[in-house]
There are 2 protein chains.
Amino acid sequence: MSDVGIRDVAARAGVSPGTVSNVLNRPEKVSPATRAKVEAAVRELGFVRHGSASTLRAGHSKTIGLSVIDIGNPFFTDVTAGVEEVASDLGYAVILSNSAGSRAKEERNLLVLAEQRVRGVLITPSDEDLDRLDRLRARGIAVVLVDHPAHCPDQCSVAVNDIGGGMTAVRHLTDTGAKSIVYVTGPLTIRQCLDRRAGAERAYGRPLPVIEMAAMTPRAGQQAAEKLLSEGDLPDAVFCANDLLALGLMRGLTHAGVRVPGDVAVIGYDDIDFAAASAVSLTSIRQPTHQLGRVATELLLDECDNPATHAHQQIMFQPELVVRESTQGQAGRASFDR
Amino acid sequence: MSDVGIRDVAARAGVSPGTVSNVLNRPEKVSPATRAKVEAAVRELGFVRHGSASTLRAGHSKTIGLSVIDIGNPFFTDVTAGVEEVASDLGYAVILSNSAGSRAKEERNLLVLAEQRVRGVLITPSDEDLDRLDRLRARGIAVVLVDHPAHCPDQCSVAVNDIGGGMTAVRHLTDTGAKSIVYVTGPLTIRQCLDRRAGAERAYGRPLPVIEMAAMTPRAGQQAAEKLLSEGDLPDAVFCANDLLALGLMRGLTHAGVRVPGDVAVIGYDDIDFAAASAVSLTSIRQPTHQLGRVATELLLDECDNPATHAHQQIMFQPELVVRESTQGQAGRASFDR
DNA sequence: CCGGTCCAGAAAAACGTTTCAAATTTGACC
DNA sequence: GGTCAAATTTGAAACGTTTTTCTGGACCGG
């Protein structure tokens, strides 16, 4: 069943297989009359092109790979949605792989992608060692870094200015009156966490006290709250390296009877949907997540489809402060967006 | 570069291409000595099998498709994570497609999957018309329904008992003293929303007042709160068709000065991570989401790898009540999990 | 020492497309 | 009606595997 091949279509339409292939791939090359005949035959027979045969002969596929660190994080989900949109519009299929933070798993996934002969790979690398990506590129697989600036200019990347974001966050906290600030973060081996701290300290003018958690989840945020409470004096404000931590932290504080923002102001990072929806809505640093995915995919597919004219770009988006209740100590609930 | 083929490996190892193929696919068929030679050659040359050629000749691929309704919903994200885990363990790649609730987009995506000659498809159908799936199966592509019971027994499906879940939810509300209850839901064309209502009304003993929103997002939940407030008397409790709605609703109520759970109890559905993390933690009906993805994938791959012995199964999981603060009117914050 | 059995490995034929040079048709123009 | 160039179409050779059929020994019992 369904073993309808291009030659069956050709027979039915009374043309040669080559012509059918042309109708499929370069319709402008074939006369309207023939094209119509072939298209009719395709419909009647329910022909579906065999992607593997096509890939094999043509030397390239219509698929791209996407490798993310944590598919459970709304940040990556949003990126993924953007990627999927663009890819699907251009007829590309997306193979998703989740490295779950494990270098080994990422490596295994990349091998699968290489076997699949994907046209290109979008990746948020799980660590700073990018040799394996150069190996991919040596294989003729385009690579675009997502949420990670490229180290050399012969490669595309799409990132968001984390240093700037960190500065903005802390500047907002001090602007609204905070004197003492604590930085709650995930592993400081993660570039994003490091950069945000760097920016934060630049704006703060001196080192920040740090609470470093192993994960970047609501759970970890709640534990961070306990840690914070056990350390004695509460700071005026807390800057969390992502919203998941911030949401957990707020909950932990609230339960201990600490008022947010009355006693402690909290600012997060990412501006995930739940930041606006939580009971005390969370001030956050918005990243153009969806856009990140879209642009990365556009760059990748441009590199694939127009290798001649393609110019590598390292795009750096600017994050944006979104003020909500969690940092409105006195102003109250003036205006909330969303 | 990287145009290292099986014949290059063969030459290097001093064997025939057929032998290399055997080492790759049936290592037990070849003597240890030769195998070692071949494996060395593979390593030295950096050979990566050409998946398309392999698929073409072998007649089947090492990929499966996953089609979800909304990749932005944590429910589907969790399912996806489960799918990815199992698939990746068994060496399968997952092609992700997001139908975004659009029937047309789903159809386009399924075509791409068919072209890719995926081994099977996991799908949460975007509507009740399942003919297109039968067409896929006629093509020799296995299909497993996810979060949707199969209509006929010649097909695998994995679902959760939504009627039972609805009953559990309302029973919990009445148990904790609620007399009047409102059902806040997404489009009632969605099976899940319908079934949950059916269960709820069965437990309630009579029809429930319904507030039907177009989307199932926090935003829509907040709008539902406004609607509820504008309708005069507040109910004792609200049952929301999913957690996203519930979180938005709670926020809307809280902002209007209504206390949750003091004035109105709220129960959600899905038990997404944020249900536990929100400031007033949300009582919810937990679905074994991750498990759903895992089991569905196991069924699919069993059907693919052991077509002879495979028995179609329609699995129905039972959801589970998770009590948190949003329905603890008087008991206060006794014990909270997570 | 011989005939038969087995096993490892070899050789060649697919799989269903795309591609490209060659062949054919078409159309314009004199 | 004939000629030439342009436009279409054809046909066969790849693409890199897997699979199936064979072959040449090694091994065994008699």
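- With salt bridges taken as basic N to acidic carboxylate O contacts below 4.0 Å, none links Glu303(A) and Arg119(A).
- Side-chain contact of Thr80(A) with Thr77(A): a donor-acceptor pair under 3.5 Å is absent, judged by distance alone.
- Distance alone, capped at 3.5 Å, places no donor-acceptor pair between the Lys62(B) side chain and the Ala93(B) backbone.
- Contacts of Arg7(B) with the nucleic acid, taken as non-hydrogen atoms under 4.0 Å apart, include base atoms.
- For Leu56(A), whose side chain is taken as the heavy atoms from C-beta onward, the closest listed nucleotide among dT17(D), dA10(C), dG16(C) is dG16(C).
- Checking side-chain atoms of Ser61(A) against main-chain N and O of Arg117(A) turns up a donor-acceptor pair under 3.5 Å.
- Distances were taken from every side-chain heavy atom of Ser31(A) (C-beta onward) to each of dT8(D), dT19(D), dG9(C); the shortest belongs to dT8(D).
- Residue Val30(B) has its side chain nearest to dG9(C) when only dG9(C), dG16(D), dT17(C) are considered.
- Neither OP1 nor OP2 of dG16(C) sits under 4.0 Å from any side-chain N or O of Arg117(B).
- For Lys62(A) and dT17(C), the NZ to P distance is 17 Å, given to the nearest whole Å.
- Distance Asn22(B) CG to dT20(D) P: 11 Å, rounded to the nearest Å.
- At least one side-chain nitrogen or oxygen of Thr19(A) sits closer than 4.0 Å to the OP1 or OP2 atom of dT10(D).
- In this structure, CG of Asp3(A) is placed 12 Å from C1' of dC15(C), rounded to the nearest angstrom.
- Put simply, the side chain of Glu106(A) never gets that close to the backbone of Ser67(A): no donor and acceptor are under 3.5 Å apart.
- More than 12 non-hydrogen atoms from other residues, nucleotides or ligands lie less than 6.0 angstrom from CZ of Arg103(A).
- If you check dT10(D), dA11(C), dA8(C) against the side chain of Thr34(B), the one that comes closest is dA8(C).
- Rounded to whole Å, the distance from NE2 on His50(B) to P on dC15(D) is 11 Å.
- When rounded to the nearest whole Å, the span between NE2 of His60(B) and P of dT17(D) equals 16 Å.
- Leu45(A) places its CG atom 14 Å from the P atom of dG16(C), with the value rounded to the nearest Å.
- If you check dA13(C), dT9(D), dA10(C) against the side chain of Arg57(B), the one that comes closest is dA13(C).
- Across the protein-nucleic acid pair, Lys37(B) atom NZ and dA10(C) atom P stand 8 Å apart, rounded to whole Å.
- Residue Ile6(A) places its side chain closer to dT18(C) than to any other of dT18(C), dT17(D), dT9(D).
- Atom CD in Gln116(A) sits roughly 14 Å away from atom C1' in dT17(D) (whole-Å rounding).
- Within the nucleic acid shown, Arg35(A) has no heavy atom closer than 4.0 Å to any nucleic acid atom.
- OP1 or OP2 of dT18(C) lies within a sub-4.0 Å distance of a side-chain N or O belonging to Ser21(A).
- Side-chain nitrogen and oxygen atoms of Asn25(A) include at least one within less than 4.0 Å of the OP1 or OP2 phosphate oxygen of dT18(C).
- Along DNA chain C, the nucleotide nearest Ser16(B) and the nucleotide nearest Ala53(B) are compared for position; the residue whose nucleotide lies closer to the 5' end is Ser16(B).
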